[in-house]
Structures are given as C-alpha cells and as structure tokens.
Amino acid sequence: MTIHIQLERIRRKLKDAAKADTDQQLFGADSHHYRLHEPLGLEELREFEQKYGIVLPAEYAAFLTNIGNGGAGPYYGIHPLGEKQSIELERMDKPSSIRPEWTKEQWKADFPALHDDGGISDEQYEEERAKAFQGLLNIGEQGCTYETMLMITGEHRGKVVYIDLDYQKPFVTFEANFLDWYERWLDEIIAGYETSWFGMRRGGDERELTELYQSTTEESIKLEALNGMFKLKNISAETIVFLISQYESSSNEISQLCLQILAKKNFTEAERLIREELNSSSAENRLRAIQAIHWYMPKGDQQFNEELISILQAVEDAETFRFICYILHATGVEMLPMLLPFFTFPDVEIRIHAVYQAGQSSKKAMYASELIQRLDDSEVRVKLIALQALTGIIDPALLPIYERLLEQYQTDKDYIRSNVLRRLEEFQIKSKKQMDKVLPSSLVQVRALLGKHL
C-alpha cells in the first residue's frame, strides 16, 4: 500500500517537475524530456529475474511495471531493464561487497589490482573488475565514466550507487531505495534546487538539514548535513544565524564549511567572516576565505582587492597565489608588475601561474624581455607556459632562442616544438622564398620546422 501511494505521488510530481523546467535546461533533460517508456509487463520482469537468478528490489520492480520501463530520471534518465549495460549482467546474482563507509584507502586495499599499473595478468584484472561491480544492475549513466547502478544483492540491496569505470571509490546514495531516490530528484527539481550532481549530497530542506545536524554528535554527519545546504536555492534569516553561530563555535572543518555556505547563499552576510579569515594566522583558513571570494563574490566587486594584494606580496603556497590571481584579474587589476618577482620564485607551480597570468595582460609587450627569460627556466613546464604567454610578441630576437629550444627538444613530447611553431607562424612567413630571404641560414632548426609546415 505504501509503495502504491508513493507511485501515485511520483506520477503527479513528474508532471510538476516538467513544468518547473519547461525549457529543459537542467542536466539531462534534453535527453529524457521528462517522458517515460511504457511500463514493463510482469511476465517480462519475471523472465528477466529467472534468466539471471535474481529478484529485483520491490521498489524498482514497482517503478518498471507501474510507472515506466525507463525514461525520465536523474542525469541522462533511467535505462530500460537490462539495456545499455556497462558491466556484465551474469554476475548480478553474486553478493555485492560495496559499502557506504568505504574510504578511498579501503576501496583500494580491497581491490588492489584495479589500482596497480602492472604485475597481474589480463585475466586477473578482469576477474577483480567483475568482482568489484558484481551484484549491481546498470540503471542509468551520468556522462564520461560515471554510471548509476542499483544494488541487487548484498547488505545494501535496493540502494542506488554511483560507480566510476575508471575505478574511483563507488558512492552509495543516502536514500533507502530506488523510489525514495527517484522521488527526491523530482522534489529537488520542483523546489528549484541545484541538481547537476544530484544525490551526492544529503537530501532535505534547510529545516530538515538543520535538525539532522543538531540531532547527532558525529562530525561526519554534521558535515553531510551542512553539505546538503549547498543545493538549496536560498536560505532563511534563521539559517543564516544558525550558520554564523556554528562558524563561531565549532571545529575548523565545520566552521569553514559554514563560511562557504554563507558565502554562496548570502555573500553580504559572509563578508565580515571572510575578512576575519583573511587576517587569520592559519594559511588554510586564509585559502578557504580567498576561495569563497573567488567562487561566490558578486562579479566586479573589488572590496577585497587591497587585502588580497597585500597577501600576494608575501604568499608562499601555489594554491593561494593562483586564487588571488584569479580574483584580481577578474576585477580588472593590472597585475603584471606585481607578478615579476614570482617569475623566479622557488616554487615551480607559482612560477608557472605567474607566467601564465602575465600572458593574459594587455601590457605584456612592455615586459617581453622578462617573459623571454623564462624560456631558459630549468622547468620545462615554465618554458611551455612562457611560449604560450608570448603569443603576439613578434621580435626577431626571439628566433635564435626558438632555434635553441628546437635543438634541445627534438620531439614534441613536452609540446615545446608545436608551441614554437605557433609562435613562428605569427611572423607571417608564407613561402619558402620568403623564408630564405628573412631567416638566416644559421637557424637550421627553425627553417626545417617552418619549411615542413609550409
């Protein structure tokens, strides 16, 4: 009786979800169009179960036979029963070993062959792959290597699980069964929530998530409850007060997550807290605040520029450097003069991003000599970015340097040769006759590369 009532709700909500997304702008909607296939006959269902020696979870079977045999659903929709399978169906009756509490380390330890570059036969590899995903039925796809599965056997039978065919750790969704998972998808579309990564966060509205947070002492569940708030369309004044109180009184991880939610949902309320974190003695906290500015500050807002420029002058970690550059560039700050000291910074990643950011400047021609010096950097990745940053800089003095790079890099393994060719093309040499006239015979490598291209 309970399943019957839920099926009726789903029928109504599917119509409401289609109305809420009339332009079909949500992820996957242009594939399934909120339409379902005809329901599956009971006889066909039983034949499938007998063929593979399984009994489908009741909620999923009820969906197939009462609502539709595939069609509208999360991501690219629900597959018709047994179709579009990315794994073998023959091991669907074997016990699934997938566990929600798996850490990445435990997943790798349980299936080491999937993460080992060598040392095993193809047969061993295929056996371990089949064992990792046995007991599952492929019910949908999410794009790339991500697939939506239903657990047919094992302790968590009936739950929906997301797998990665490149063998990242599977993710078991929070709902008890297929119908709860499917109905939650409809509820979130109707409510206007963000659904692009549907199911990866806790379900529920702000009241339910706040109650979940307050009902437990386990920090992992508190974090899940807070993470669930990212999908919400808006948060109320009451929730803002709650998040600020937790930011001020909780562990660092919870505190920082509260800050991120506030910044995303109501940046004005987060401004004071962000400013506090920018002055924090913790490099990690400063980075989180800077990331919040980058991700959530209204476009064109320059209120933090003074603090960020001050931090940039003493920055030592690449991630903080990178995010500050993103923000200042987006707000129209001419950064190139302040980037010059970082061209020779000990941290390679900082050097790379400093040169990259300099290449975005409209004034880079004024500092061409400094960029050209980076073509002699000890790190090949810096040389590559410097070549790309020199786009549009046409200076004959560069030709001997390009010759030296081509001598040094005889293959395009590091993409140096192909990027040198792009810079040479900017010299607008259109024929071999012109090349003979313009380029000295001493530029053997440059002439050979250009000649082949011409």
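The basis for the numbers below is simple: all heavy atoms, side chains too, and nothing from hydrogens, waters or symmetry mates.
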Donor-acceptor pair, side chain of Ser418 and main chain of Tyr415, under 3.5 angstrom
yes
Closest non-hydrogen atom pair, Leu371 against Ala389
CD2-CB, 4.1 Å
Just by distance, do the side chain of Gln373 and the backbone of Glu370 share a donor-acceptor pair under 3.5 Å?
no
Are Lys264 and Glu194 close enough for a salt bridge, meaning some N to O gap below 4.0 Å?
yes
So, Gln25 side chain and Asp23 main chain: donor-acceptor pair closer than 3.5 Å or not?
yes
Can a salt bridge be assigned to the pair Arg288 and Glu284 using a cut-off of 4.0 Å between side-chain N and carboxylate O?
yes
Could you point out which residue of Trp181, Tyr162, Tyr146 forms a ring-ring contact (aromatic ring centres under 6.0 Å, His included) with Tyr75?
Tyr162
In sequence, state the C-alpha distance, the side-chain angles, and the governing distance for Val160 and Glu175, and then conclude on side chain to side chain contact (heavy atoms under 4.5 Å, CB included).
CA-CA 8 Å; Val160 174; Glu175 288 67 44; over 6 Å; no
Would you say Thr210's side chain and Glu206's backbone share a donor-acceptor pair under 3.5 angstrom?
yes
So that I know where these two stand, are Phe323 and His353 an aromatic pair - ring centroids less than 6.0 Å apart?
no
Taking the side chain as every heavy atom from C-beta outward, state whether Phe178 and Ile139 have any atom pair closer than 4.5 Å.
yes
Are the ring centres of His156 and Trp102 closer than 6.0 Å?
no
Reference residue Gln134; test side-chain hydrogen bond (donor to acceptor under 3.5 Å, both in side chains); the match among Arg91, Lys94, Arg129
Arg91
Hydrogens and angles aside, do Glu219 and Ser251 bring a side-chain donor and acceptor to less than 3.5 Å of each other?
yes
Is there any salt bridge (charged side-chain N to carboxylate O under 4.0 Å, His left out) pair reaching into residues 393-411, and which pairs are they, with sequence neighbours excluded?
Asp376-Arg404
Does Glu316, at its CD atom, have more than 12 non-hydrogen atoms belonging to other residues, nucleotides or ligands within less than 6.0 Å?
no
Using a strict 4.0 Å threshold on nitrogen-to-oxygen distance, state whether Arg184 and Glu188 make a salt bridge.
yes
Is the number of heavy atoms from other residues, nucleotides or ligands within 6.0 Å of CD (Glu155) greater than 12?
no
If you look at every heavy atom in Phe343 and Arg351, which pair is closest and at what distance?
O-CD, 3.1 Å
Please round to the nearest 0.5 Å and tell me the distance separating atom CE of Met297 and atom CD1 of Ile274.
9.0 Å
What class does the angle between the rings of Tyr167 and Phe133 fall in, given that below 30° is parallel, 30 to 60° is tilted and above 60° is perpendicular?
parallel
Report the C-alpha separation of Gln357 and Gln360 in whole Å, then their side-chain angles, then the decisive distance to 0.1 Å, and conclude whether the side chain to side chain contact (heavy atoms under 4.5 Å, CB included) test is met.
CA-CA 5 Å; Gln357 199 65 56; Gln360 310 304 304; 4.0 Å; yes
Sidechain-backbone polar pair: Asp414 side chain, Ile416 backbone, donor-acceptor under 3.5 Å
no
Side-chain donor/acceptor of Asn138 to backbone N/O of Gly82, under 3.5 Å:
no
Distance-only, no hydrogens or angles: does the Arg202 side chain make a donor-acceptor pair with backbone N or O of Gly228 under 3.5 Å?
no
One pair to check against side chain to side chain contact (heavy atoms under 4.5 Å, CB included): Leu387 and Lys383. What are the steps and the verdict?
CA-CA 6 Å; Leu387 275 170; Lys383 294 179 183 179; 5.7 Å; no
Sort and list the pairs that fulfil ring pair (Phe, Tyr, Trp, His ring centres under 6.0 Å) and have at least one residue in residues 230-279, not counting sequence neighbours.
Tyr213-Phe242
Working to the nearest 0.5 Å, report the span between CG of Leu223 and OG1 of Thr216.
10.5 Å
Give a yes or no on this: more than 12 heavy atoms of other residues, nucleotides or ligands lie within 6.0 Å of atom OH of Tyr356.
no
Does Gln428 reach the main-chain N or O of Lys430 with its side chain, forming a donor-acceptor pair under 3.5 Å?
no
Hey, what do you get for CZ (Arg275) to CG (Leu278), rounding to the nearest 0.5 Å?
7.5 Å
So for atom NZ, which belongs to Lys364, do other residues, nucleotides or ligands contribute more than 12 heavy atoms lying within a distance under 6.0 Å?
yes
Check: Glu211/Ser215 side-chain N/O donor and acceptor closer than 3.5 Å:
no
Between the side chains of Gln256 and Glu277, does any donor sit under 3.5 Å from an acceptor?
yes
Output field: ring centroids Phe321/Phe342 closer than 6.0 Å:
yes
Going through the checks in order, is the side chain to side chain contact (heavy atoms under 4.5 Å, CB included) test met by Val333 and Ile327?
CA-CA 9 Å; Val333 174; Ile327 297 164; over 6 Å; no
Grab the two heavy atoms, one from Asp347 and one from Ala318, that are nearest each other, plus how far apart they are.
OD1-CB, 4.1 Å
Roughly how far, to the nearest 0.5 Å, is the CG atom of Leu114 from the CG atom of Leu165?
11.0 Å
How about CD on Gln214, more than 12 heavy atoms from neighbouring residues, nucleotides or ligands closer than 6.0 Å, or not?
yes
Atom pair CG/CE of Leu136 and Met149 - distance to nearest 0.5 Å
5.0 Å
Hey, does the side chain of Asn177 reach the backbone of Gly158 with a donor-acceptor pair shorter than 3.5 angstrom?
no
Any salt bridge (charged side-chain N to carboxylate O under 4.0 Å, His left out) pairs touching residues 158-173, not counting sequence neighbours?
none
Please give me the minimum heavy-atom distance between Arg374 and Ala386, naming the atom from each residue.
CB-CB, 3.7 Å
Around Glu253, counting heavy atoms of other residues, nucleotides and ligands shown, do more than 12 lie under 6.0 Å from its CD?
no
Under a 3.5 Å distance rule, please check whether Ser361 uses its side chain to pair with a backbone N or O of Ala358 as donor and acceptor.
no
Kindly determine whether Gln291 and Gln260 satisfy side chain to side chain donor-acceptor pair (under 3.5 Å), including the steps that lead there.
CA-CA 9 Å; Gln291 288 173 328; Gln260 297 291 321; 5.0 Å; no
In Å, rounded to the nearest 0.5 Å, how long is the span from CE of Met229 to SG of Cys258?
8.0 Å
Intermediate values then yes/no, side chain to side chain donor-acceptor pair (under 3.5 Å), Asp21 and Tyr34:
CA-CA 9 Å; Asp21 184 26; Tyr34 296 99; 2.7 Å; yes
Can you name the closest pair of heavy atoms from Glu128 and Asp110 and give their distance?
OE2-O, 4.5 Å
Search all heavy atoms of Ile254 against all heavy atoms of Leu226 and return the closest pair with its distance.
CG2-CD1, 3.8 Å
Do Arg423 and Glu426 sit within salt-bridge range, that is, some charged N less than 4.0 Å from a carboxylate O?
yes
May I ask you to say whether Arg322 pairs ionically with Glu319, meaning some side-chain N is under 4.0 Å from a carboxylate O?
yes
Is atom CD of Glu306 surrounded by more than 12 heavy atoms (other residues, nucleotides or ligands) closer than 6.0 Å?
no
Salt bridge Arg272-Glu276, side-chain N to carboxylate O under 4.0 Å:
yes
